[in-house]
Structures are given as C-alpha cells and as structure tokens.
Amino acid sequence: MPGTIREISESLSSTNEPSQFPQLTEQHILNCAFSAWYDTFRRVTLKSQIIKPLPVEFIEYLQADSVYLPEYKLESLPSFPELENQIWDIINKFDGAVFPKLNWSSPRDATWIAATNTLKCNSPSDIFLLLKASDFIAHDLDHAFDDCQYESDESVRRKHPESYELVLRKWYDVATSMEFRCFVKNNELIGISQRDVNFYPFLLDIKEELRSKITQFFILNIQHKFANNNYVFDVYITRNRERVWLIDFNPFSHTTDSLLYSWDEILEGMQINQYFFPTTQLDMRLIRTQAEASQSRNQPFSVNRYPREMFDLSQGQTLAEFAERFQRELVFAETDQESTENENS
C-alpha cells in the first residue's frame, strides 16, 4: 500500500468537505488545564505539584523578547527569590529532578537548549531557560483561547487565563516508544496513535495487549470522569507493561497534533479507517516500517520561536554547540551569584 496511513486518509478525506469540529469554548480549554483535572486523576497520573498563581513579574519575564536568567550580573534583571525557593523545595521533594509545564503545555519544543536534550530539570535556572525558549509556552501565555467559538458578543473574547500555574512533575526516565495519544469523541474512545513516530518493531508484536490495556484504563479511570465530552488524552505504559499512567489532557481541536490520523478522519468517526481496515476492534495506529517512519516524521517543532538574541550570540555555531556554550554561561552566572551572596552575608 503506497504512502503512510495518514497520507491515505488525508487523500481520501480531501475529496469531501472537511468535517466541523464540535464547538470549542473557553471552559473546554480551562478543563484541560492541569490544576482543573489533577485532583480527580491524581491516583493514575505522575506525582506533581502546582505553584499557583505565578507572579505577574515572572509572566512578564517569560513574555519578554530576550533570553537571560534572573540575577545575571551583566544586566539589571528581575529576581524571583520566593518562586525559586518554592521550586527548590519541590525539586528536593522529588529526589532532585522534575519536568515543568504551565497550565497546558510543557516546553517540549525547547529541549534543544538543555544540556541533556530532555525536559529534566535540576534547578530553577533549568526550568526558566526551557520556559523562555518554548513556543508552546508562548502560546499558553498569549493565545490559549484563540480557537474558541463565541456565539454572540466578541468583546468578551480573551487571550489568556486569569492566572498562570507552574506545574512540576517528578522526573521519570520513560521510554518514548510507550507513549500513546488517545482520541475521545462523545465520551467514546475512537482511536489510539503512537506518539513517537519512529519505527519500533516490538510494538507490532504487542499491539493487541497495548490496545486492551489502554481501552481498559480508559473505561475504568477516565470515561465520564473528565469534564469534556470530546477530548484527547496521552498515556504512558511502563516498560514491564504492568501499569498505564495518564500524562495529560488536550483539547479536541486542530491545535492538538492528530499524529497518525487526519483530523477529518477523527471527526467523521473513523469511517475512512473502517474502509481500509474493517474491524470490530478499536483502531490503534503504529508505525509499521522504517520507510513509513521516515515519511511520517516531520522536522519536530520546526516553527519554534528562536529569539533574535539566540542567533546574535551563536556566532555561526550549530544549535548543539550554542546550547552547550549557553549552559556553560548559566553555570558561570549561578556561581557568580552565589559568590556575591556569600560576600554580602
């Protein structure tokens, strides 16, 4: 069969008028914010703590068009000692490492700047750097409600929530091959997609087991418990395949990556999929060959926001070389700050 599964479905669906998304309201978006669902699903998700509300000065710092750390000596910059102390307390509580997110998004698109190329953070500076460099975070800050539909008065439209939260989740060394995205329409699970679009041959051998575990997890722990009727959620299955963990909820919207599906296909209730793969079982899509992985894999986060200062400072270096240099500068800044504090104490 030529092409990827997603390419085939998009080709067929393009011959018809695109389906309409269910109405997306501000409340639907707010229901997907971490603090809105964490207490309900605490038992089946990763250990986390929420710092809320974040100081207005810190949000302004994140929104500023530059990349620097608080207290860097070369400039007069803001300081957030209370927030940093809160972060240190949580990092220590979670055995020295966390990964961050704001209300909805984690800075996954900014891992290129981290020394480990991951979201693993061991200090407030690690967290601030990832948040500053992330386009996903910028969207949370300024465009959270852009796709919401309003029936009447457009003057009530807003761009961001009333307050922001910093979520710190305990760091686990997960196998990305075992992450899956699940699509729910009218409170029914209608499709499951592999999240990391690389080819993992072993997944094909355990597909039925994975489908069964995710379906059972949904029925027992999520169905009719989440506030929205239409939504997307992500799960992680442990390496020993003994447990399923809820990772996040996402809006049922084109802003959420549909991965190995087309959104038209999802909106039409999987009818196209049933034509090609007639089955009474829930559809689950995996990358089937290395060739398909190569065709499916877009350049990840290719439209990231790279501030001008990044390019000005890079002096022709590659991103990896510049990220390494930038990390050294961070260590220098923190050491210099500690020395100054010791001198003044």
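A search for side chain to side chain donor-acceptor pair (under 3.5 Å) contacts involving T289 returns nothing, not counting sequence neighbours. Residues passing the ring-ring contact (aromatic ring centres under 6.0 Å, His included) test with F249 are W37, F41, F226, Y231, sequence neighbours excluded. For D39, the salt bridge (Lys or Arg N to Asp or Glu O under 4.0 Å) partners are R42, not counting sequence neighbours. S212 pairs by the side chain to side chain contact (heavy atoms under 4.5 Å, CB included) definition with nothing, not counting sequence neighbours. R181 pairs by the salt bridge (Lys or Arg N to Asp or Glu O under 4.0 Å) definition with D234, not counting sequence neighbours. For E209, the side chain to side chain contact (heavy atoms under 4.5 Å, CB included) test picks out I206, K213, R241, with sequence neighbours left out. Annotation: side chain to side chain donor-acceptor pair (under 3.5 Å) contacts of S177 (sequence neighbours excluded): none. For D95, the side chain to side chain donor-acceptor pair (under 3.5 Å) partners two or more places apart in sequence, or in a different chain, are K170. In terms of the side chain to side chain donor-acceptor pair (under 3.5 Å) criterion, Q86 has no residue partners (sequence neighbours excluded). Remark: P22 engages N230, F252, L267 in a side chain to side chain contact (heavy atoms under 4.5 Å, CB included) (not counting sequence neighbours). Qualifying salt bridge (Lys or Arg N to Asp or Glu O under 4.0 Å) partners for D248, counting only residues two or more places apart in sequence or in other chains: K101. In this structure, the salt bridge (Lys or Arg N to Asp or Glu O under 4.0 Å) partners of K52, at least two apart in sequence or on a different chain, are E165.
Ring centroid separation for the pair Y172 and F99 does not come in under the 6.0 Å cut-off.
Aromatic ring orientation, F80 versus F58: perpendicular (interplanar angle above 60°, classes split at 30° and 60°).
Here OG1 of T40 is found 10.5 Å from NZ of K225. Values are rounded to the nearest 0.5 Å.
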